[in-house]
Amino acid sequence: DTLTSDALIPRGHNVIFNEGVRLYSRNSPELMIEGSLNCLGTKSDPIYLPITLSVLEDYDGNIKNNEEKITCSWTNGGSLVLDSSDAVINNSNFGAISIYQHGNININKTDIGLLRSDYSKVNIDSCHFPVGGAFTIRGSIISVKNSVFDNIALTYNMETSLMSFTNNIINSTSGELFTPLKCFLIYDGNKILFPGTDNQNIDGLCVGSGNYAIIKNNIIKGFRSGIVLYTKNKAVIYNNTFLNNRACINFASTVDSVSIFNNIFYDLKGRAIGLKVSTGDWTKNRVWIDRNLCAAGGESFINTDTVGTNVINGNNFLIVANPKFADSSDYKLLKDSPAIDQGARIIPAFRFSFQVLDTNIITPSSIIITDYIGLNPDLGASEYNPILSVNNSPIISYKYSLSQNYPNPFNPTTLISYSLPSSANVKLIVYNTLGQTIKTLESGYKPAGNYTINFNASNLPSGIYFYKLEAGQFSQIKKMMLIK
């Protein structure tokens, strides 16, 4: 079939593409979907859509998830091919999705078996990757967040791409996260887990050749090596929590430049923990190490197999202590944890330039951490919040309240928390002693709940400041002190 002009699938109507159907187009039409499109292709007969594909939105901009969906039979192994297309895909099920030539695709709440992207932008949010999932990526910008990967080997066959991987849960039982060639990688806030007992044959996050990787705020648990770095990589590894790994970070070749800061290495099973630097006879490795906590036991914290690896230790590169976790899921810290306020604020990074599609990246020579509570960042993946309850769980409030900032005095950041028993228009403003507005922290409608704002006063002089909360008929002012 050939689509020659724009077409609409009306609300309440369903269009089915049976096996063997291929939809072609002329003049770049748009297929608009208010109802549903069901694709029943197979791996040998994919649904081929070289068109602009869109799911229409309601007037308030919200996608109607119940009716508006493009779906393909997972049991038949059906696939969707988008060529030079824009698409919004919600609440769907695909055995494979292939995106070619400058597509711009948003995928939400969808089951995905295999994903291929060539020279396209793909945003993936709240999706599910069942058994057998893998990525094949070339010259693309990929963002994956808030998604779940079940019992799979997530293999990145990636080349010259920008990959951002945020707040996902990855359960891996048969393979590694692997990135082979010349990519810019960001892994932030993920749980990378081997379910069940710890595994001695599988590595967790493997970074291939010629990449720049920022690996931060992740929980990595149960692998032979939590992170493996291969040839000519630059990597900044900070504020991660490693648990039950035989080795936490392993250099498999000449890695180039790596900084390892503010991590927790903890081994509940008593096996080897910490860093194993295994580099043969290469002499070009440069490794900066500081402010890491390592629980006692297991092998030495740093095991260097060769002469020539330039390990630059900070003044406090190793803290031997029990980190005192409050839970065994998010591994938040108890209030008396030795990891609190022990991190570095400035992390050495490395100059790197990268271009993909219309995006140019030039990395700085250092990363400055600003989103922390207290005097310095904590160690590990979870920042301790003293305003939360004993087990770091939210305290429910049934009245309007404005809490005293913490810490107080502070330098340069502090937390300001407030509670709303019902929805209200909120203003939270910081003033100086002359009554002049310094910064508006909140302004707008907020539903009932507890809120915490991080106030950064790095550009302000020392002195007394006031913050005022207005919510409905409620109003309260508190004083805080900045000392530099």
Going by atom type alone, with no hydrogens or angles, which donor-acceptor pairs under 3.5 Å involve a side-chain atom of residues 361-373 and a protein atom two or more places apart or on another chain?
unit_1, atom_1, unit_2, atom_2, d
T363, OG1, F350, O, 2.6
T363, OG1, F352, N, 2.9
T363, OG1, F352, O, 3.4

Non-neighbouring partners of A339 that pass side chain to side chain contact (heavy atoms under 4.5 Å, CB included), sequence neighbours left out: I264, L293, L333, S337, L379

For residues 471-484, which side-chain donor-acceptor pairs fall under 3.5 Å, sequence neighbours excluded?
unit_1, atom_1, unit_2, atom_2, d
K484, NZ, A457, O, 3.1
K484, NZ, S458, O, 2.8
K484, NZ, L460, O, 2.5

All side chain to side chain donor-acceptor pair (under 3.5 Å) counterparts of T414, not counting sequence neighbours: N405

Ring pair (Phe, Tyr, Trp, His ring centres under 6.0 Å) against F325, all qualifying residues, sequence neighbours excluded: Y266, Y331

Partners meeting side chain to side chain contact (heavy atoms under 4.5 Å, CB included) with D336 (sequence neighbours left out): K324, L334

Sequence neighbours excluded and cut-off under 3.5 Å, please list the side-chain donor-acceptor pairs for residues 427-440, or say none.
unit_1, atom_1, unit_2, atom_2, d
N432, OD1, L434, N, 3.0
N432, OD1, G435, N, 3.2
N432, OD1, Q436, N, 2.9
N432, ND2, Q436, OE1, 2.8

For K145, all residues meeting salt bridge (charged side-chain N to carboxylate O under 4.0 Å, His left out), sequence neighbours excluded: none

Qualifying salt bridge (charged side-chain N to carboxylate O under 4.0 Å, His left out) pairs with a residue from residues 440-457, counting only residues at least two apart or across chains: E442-K446

Counterpart residues, side chain to side chain contact (heavy atoms under 4.5 Å, CB included), relative to K216 (two or more places apart): D188, I214, Y238

Residue list, salt bridge (charged side-chain N to carboxylate O under 4.0 Å, His left out) with D341, at least two apart or on another chain: none

Salt bridge (charged side-chain N to carboxylate O under 4.0 Å, His left out) contacts in which one or both residues fall within residues 451-475, not counting sequence neighbours: K468-E470

